[in-house]
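Nothing here was measured: the structure is a model prediction, and the numbers come from that model. First the proteins, then the strands, lettered A, B, ... as listed; each starts at 1.
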2 protein chains.
Amino acid sequence: MVDDEPQIVRALRINLSARGYSVLTAHDGTAALKAAAEGRPDVVVLDLGLPDVDGTEVIAGLRGWTSVPIIVLSARVDSADKVEALDAGADDYVTKPFGMDELLARLRAAVRRSAVVEGEDAVVETASFTVDLAAKKVRRDGVEVHLTPTEWGLLEILARNRGRLVAQKQLLQEVWGPAYAKETHYLRVYLAQLRRKLEPEPSHPRHLVTEPGMGYRFEP
Amino acid sequence: MVDDEPQIVRALRINLSARGYSVLTAHDGTAALKAAAEGRPDVVVLDLGLPDVDGTEVIAGLRGWTSVPIIVLSARVDSADKVEALDAGADDYVTKPFGMDELLARLRAAVRRSAVVEGEDAVVETASFTVDLAAKKVRRDGVEVHLTPTEWGLLEILARNRGRLVAQKQLLQEVWGPAYAKETHYLRVYLAQLRRKLEPEPSHPRHLVTEPGMGYRFEP
DNA sequence: GGGTCGCATCAAGGCATCGTCAGGAAGTTC
DNA sequence: GAACTTCCTGACGATGCCTTGATGCGACCC
């Protein structure tokens with residue numbers, strides 16, 4: 001959050017913090033570039049009327065090394081300014097005075113967009129095997145293990161809830177559908193298959209643990 | 001370009017065409033969704049006040065299968081409308097009347113952003129063939145292999161998601177359109193053609209791998 | 001000790017999905 | 001208008017997955 005007007009910085013900080021964002025602030029362009037390099041923000045809100053350097057130079061300075069979303073704030077409604085800032089690499093341009101709702105919505109849109117880009121591969125590791133949730137791959141001792149759709153469906157839910165107990169009913173409903181909530185036999189068959197494929201000692205599972213009477217737990 | 005006011009459509013078409021854009025137009029939401037599915041635009045400019053369906057529904061309809069940038073045009077300045085449209089998945093929101101300069105700058109910004117996403121390694125190599133995503137060309141043993149548009153569409157998605165499993169539904173929706181999500185037979189036919197053209201042993205594919213019941217995977 | 005309940009394991013049949021081939025419709029090019 | 005390309009569709013056999021039943025084991029209650 002880059003602005004030289006303390007009251008705006010303050011208002012934004014309060015609003016953003018209340019919504020769970022963590023906020024870094026800077027009051028001029030030089031400090032902004034430094035803070036961005038150190039803090040690696042997920043999105044930048046940049047006021048154009050800074051005391052030291054021109055706003056477009058800050059944009060250019062950021063764009064030199066990062067594609068972080070930049071939302072420009074400005075009191076200037078002249079379209080030439082907007083064009084200049086956007087063409088310099090800004091992602092959005094909001095004129096002051098602005099509605100907090102709108103700024104937050106534009107912020108969400110910017111973050112959402114860049115989240116898609118990152119598409120990080122969430123990988124869950126255990127002592128004996130590795131689950132790549134994005135690629136839908138499982139490796140054991142480096143070699144890839146083939147899973148059937150049902151096996152993968154089960155493992156995926158357990159891995160996404162790793163460390164937590166997942167109820168039998170939930171597993172059945174999410175993998176087989178709402179009508180199968182009581183077919184607990186399916187779980188036994190497929191958990192046995194998963195253990196045979198993944199556990200070092202299938203009969204003494206260490207990662208795919210049964211919680212008798214309740215459900216199953218993935219222990220990383 | 002989706003708007004029910006002919007004069008706006010006309011003004012935009014002239015301006016955009018003069019700058020080298022090719023423009024598809026639609027005058028209501030239904031036609032817009034159809035045109036987008038067929039024409040695969042690089043960016044969508046969408047007026048919210050359409051005669052048939054609500055604008056946010058058009059946004060939702062697009063977001064169901066594509067992440068194409070959507071710039072919303074609207075006469076409504078109320079911030080609640082902006083928030084609704086942006087949260088529905090729009091990338092930008094411009095209020096009428098708008099400056100053509102500004103709209104064009106926002107358009108450039110939107111296209112630039114999505115270009116960055118695409119700018120991953122443009123060349124994907126395997127042991128037996130090479131895919132050049134930027135040039136849309138495939139070479140095998142140095143010689144160029146001709147692919148039909150559909151074959152290329154499939155290979156492109158798989159190559160961009162190399163290493164990752166791509167669901168059948170996603171392939172069908174992105175290549176054939178949202179209405180074809182269940183025509184899995186198409187995939188079998190075209191994967192067979194791609195394998196025949198690219199794999200050393202088409203009946204034992206090593207790079208275009210089937211994951212039964214789930215989808216397909218490109219292994220570099 | 002007998003009975004019940006929940007869990008693990010194994011095996012086998014039915015059936016959904018996959019790969020393949022081929023023919024015809026629609027559109028393009030010359 | 002003929003030759004060609006591309007796409008869609010149907011038929012067929014084969015693979016492998018899901019389901020289901022049978023059996024054994026341990027924990028717990030009576």
**OP:** Starting at CZ of Arg10(B), measure out to CD1 of Ile8(B) and round the result to the nearest 0.5 Å.
**Re:**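 Rounded to the nearest 0.5 Å, the CZ-CD1 separation comes to 13.0 Å.
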Please state how far atom [atom1] in [X] lies from atom [atom2] in [N], giving the value in whole angstrom units.
{"X": "Leu147(A)", "N": "dC18(D)", "atom1": "CG", "atom2": "P", "value": "10 Å"}
{"X": "Arg188(B)", "N": "dA14(D)", "atom1": "CZ", "atom2": "P", "value": "17 Å"}
{"X": "Leu154(B)", "N": "dT6(D)", "atom1": "CG", "atom2": "P", "value": "15 Å"}
{"X": "Leu187(A)", "N": "dC7(C)", "atom1": "CG", "atom2": "P", "value": "9 Å"}
{"X": "Tyr190(B)", "N": "dT5(D)", "atom1": "OH", "atom2": "C1'", "value": "11 Å"}
{"X": "Arg195(A)", "N": "dC10(C)", "atom1": "CZ", "atom2": "P", "value": "13 Å"}
{"X": "Leu194(A)", "N": "dC10(C)", "atom1": "CG", "atom2": "C1'", "value": "17 Å"}
{"X": "Glu151(A)", "N": "dG16(D)", "atom1": "CD", "atom2": "P", "value": "14 Å"}

Considering every strand and a 4.0 Å limit on heavy-atom distances, what is the contact class for [X]: base, sugar-phosphate, or nothing?
{"X": "Thr184(A)", "result": "nothing"}
{"X": "Gln168(B)", "result": "sugar-phosphate"}
{"X": "His146(B)", "result": "sugar-phosphate"}
{"X": "Tyr216(A)", "result": "sugar-phosphate"}

Subject >> Pair Asp47(B) + Lys96(B): basic N to acidic O under 4.0 Å >> reply: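 Yes, this pair counts.
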The side chain of [X] lies closest to which of these nucleotides: [options]?
{"X": "His185(A)", "options": "dG19(C), dT20(D), dC7(C)", "value": "dT20(D)"}
{"X": "Thr148(A)", "options": "dT20(C), dT9(C), dC18(D)", "value": "dC18(D)"}
{"X": "Val189(A)", "options": "dC7(D), dG10(D), dC10(C)", "value": "dC10(C)"}

Original post:
Do side-chain atoms of Glu151(A) reach the backbone of Thr148(A) as a donor and acceptor pair under 3.5 angstrom?
Top reply: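 Yes.
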**OP:** Could you label the plane-to-plane angle of the Phe129(A) and His207(A) rings as parallel, tilted or perpendicular, counting under 30° as parallel and over 60° as perpendicular?
**Re:**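 It falls in the perpendicular class, over 60°.
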Original post:
Any side-chain N or O of Trp176(B) less than 4.0 Å from the OP1 or OP2 oxygen of dC7(D)?
Top reply: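 Answer is no, no contact under 4.0 Å.
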Original post:
Counting just side-chain N and O atoms, does Thr150(A) come under 4.0 Å of either OP1 or OP2 of dC17(D)?
Top reply: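 Result: no.
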Subject >> Closest-nucleotide ordering on DNA chain C, the 5'-leading residue of Gly215(A) and Arg196(A) >> reply: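 Nearer the 5' end of the strand: Gly215(A).
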Original post:
Is it true that Trp176(B) and Tyr190(B) have ring centroids separated by less than 6.0 Å?
Top reply: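 Aromatic pair counts; centres sit under 6.0 Å.
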Original post:
Hey, which of these two, Tyr186(A) or Tyr180(B), hits DNA chain D nearer its 5' end, going by closest nucleotide?
Top reply: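 The residue mapped nearer the 5' terminus is Tyr180(B).
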